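The figures that follow rest on heavy atoms only: side chains count, while hydrogens, waters and symmetry mates do not. Since the structure is predicted, the reported quantities are computational estimates derived from the model, not experimental observations.
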Amino acid sequence: MVQQVTNGIKISVISNFEGTSYRNYRLYYAFSYQVTIENQSNDTVQLLDRYWKIFDSLNNTEILEGSGVIGKKPILKPSQIHTYKSSCFLTSPIGAMKGYYNMVNFSTSKAFKVYIPTFQLMVSSIYN
């Protein structure tokens, strides 16, 4: 697990190798990741959108941007937690992801970024 706190918002990420899959006659490595967003600040905040950099050791870096996370724009009061699970496919057994969320503080109406720490995507057998 990796963790990082930005402006009182704690991000924790756990990743897992889920197996392989063939699409269009090409082998892909499937990974899941679970993100926990914990509001440790004294203000209510909302996640508006996300930005991901996905590194694949055999491919170019992929950039993904979009509104919310898995179709939601969670509002977090102080001490509240939002957890979601998602996935990605790589062409190699080794990769990594990092990024940030754009959020807004309801008390000040100011937008701010919350950084997602770099986490590894690695096939389990490579660890040995």
Quiz prompt | Lys113 to Tyr115 - nearest heavy-atom pair and separation | solution =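 Looks like CD-OH, 3.7 Å.
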Quiz prompt | Closest non-hydrogen atom pair, Val69 against Pro74 | solution = CG2-CD, 4.2 Å
Any chance you could measure [X], atom [atom1], to [Y], atom [atom2], to the nearest 0.5 Å?
{"X": "Met97", "Y": "Gln120", "atom1": "CE", "atom2": "CD", "answer": "12.0 Å"}
{"X": "Leu90", "Y": "Met122", "atom1": "CG", "atom2": "CE", "answer": "11.0 Å"}
{"X": "Lys73", "Y": "Arg50", "atom1": "NZ", "atom2": "CZ", "answer": "10.5 Å"}
{"X": "Tyr51", "Y": "Ile116", "atom1": "OH", "atom2": "CD1", "answer": "11.0 Å"}
{"X": "Lys10", "Y": "Gln4", "atom1": "NZ", "atom2": "CD", "answer": "12.0 Å"}
{"X": "Asn7", "Y": "Asn105", "atom1": "CG", "atom2": "CG", "answer": "9.0 Å"}

Quiz item: With clusters built from Ile, Leu, Val, Met, Phe, Trp and Tyr whose side-chain heavy atoms come within less than 4.5 Å, directly or transitively, what are the remaining members of the cluster of Val104, listed by chain and number?
Solution: Leu48, Ile75, Phe106
Exercise. Provide the full list of ring pair (Phe, Tyr, Trp, His ring centres under 6.0 Å) pairs with a residue in residues 15-41, sequence neighbours left out, each pair given once.
Key: Phe17-Phe31, Tyr33-Trp52, Tyr33-Phe119
Are the side chains of [X] and [Y] in touch, meaning some heavy atoms are under 4.5 Å apart?
{"X": "Ile11", "Y": "Thr6", "value": "no"}
{"X": "Tyr84", "Y": "His82", "value": "yes"}
{"X": "Val45", "Y": "Tyr101", "value": "no"}
{"X": "Phe55", "Y": "Thr118", "value": "no"}

Self-check item: Under 3.5 Å: donor-acceptor pair, side chain of Ser57, backbone of Ile94
Solution: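 Yes, Ser57 side chain to Ile94 backbone: donor-acceptor pair under 3.5 Å.
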Exercise. With side chain to side chain contact (heavy atoms under 4.5 Å, CB included) as the test, would you mind laying out the steps for Gln34 and Thr83 before giving the verdict?
Key: CA-CA 7 Å; Gln34 180 177 295; Thr83 299; 3.6 Å; yes
Exercise. Take Glu38 and Ile9, measure what side chain to side chain contact (heavy atoms under 4.5 Å, CB included) needs, and give me the verdict at the end.
Key: CA-CA 6 Å; Glu38 181 180 351; Ile9 309 301; over 6 Å; no
Quiz item: Ser41 and side chain to side chain donor-acceptor pair (under 3.5 Å): which partner among Thr44, Asn39, Asp43?
Solution: Asn39
Self-check item: Under the side chain to side chain donor-acceptor pair (under 3.5 Å) test, residues paired with Gln40 that sit two or more places apart
Solution: none
Practice problem: May I ask you to check whether Ser87 and Ser32 show a side-chain donor-acceptor distance below 3.5 Å? | Solution: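 Side-chain D/A pair, Ser87 to Ser32: absent.
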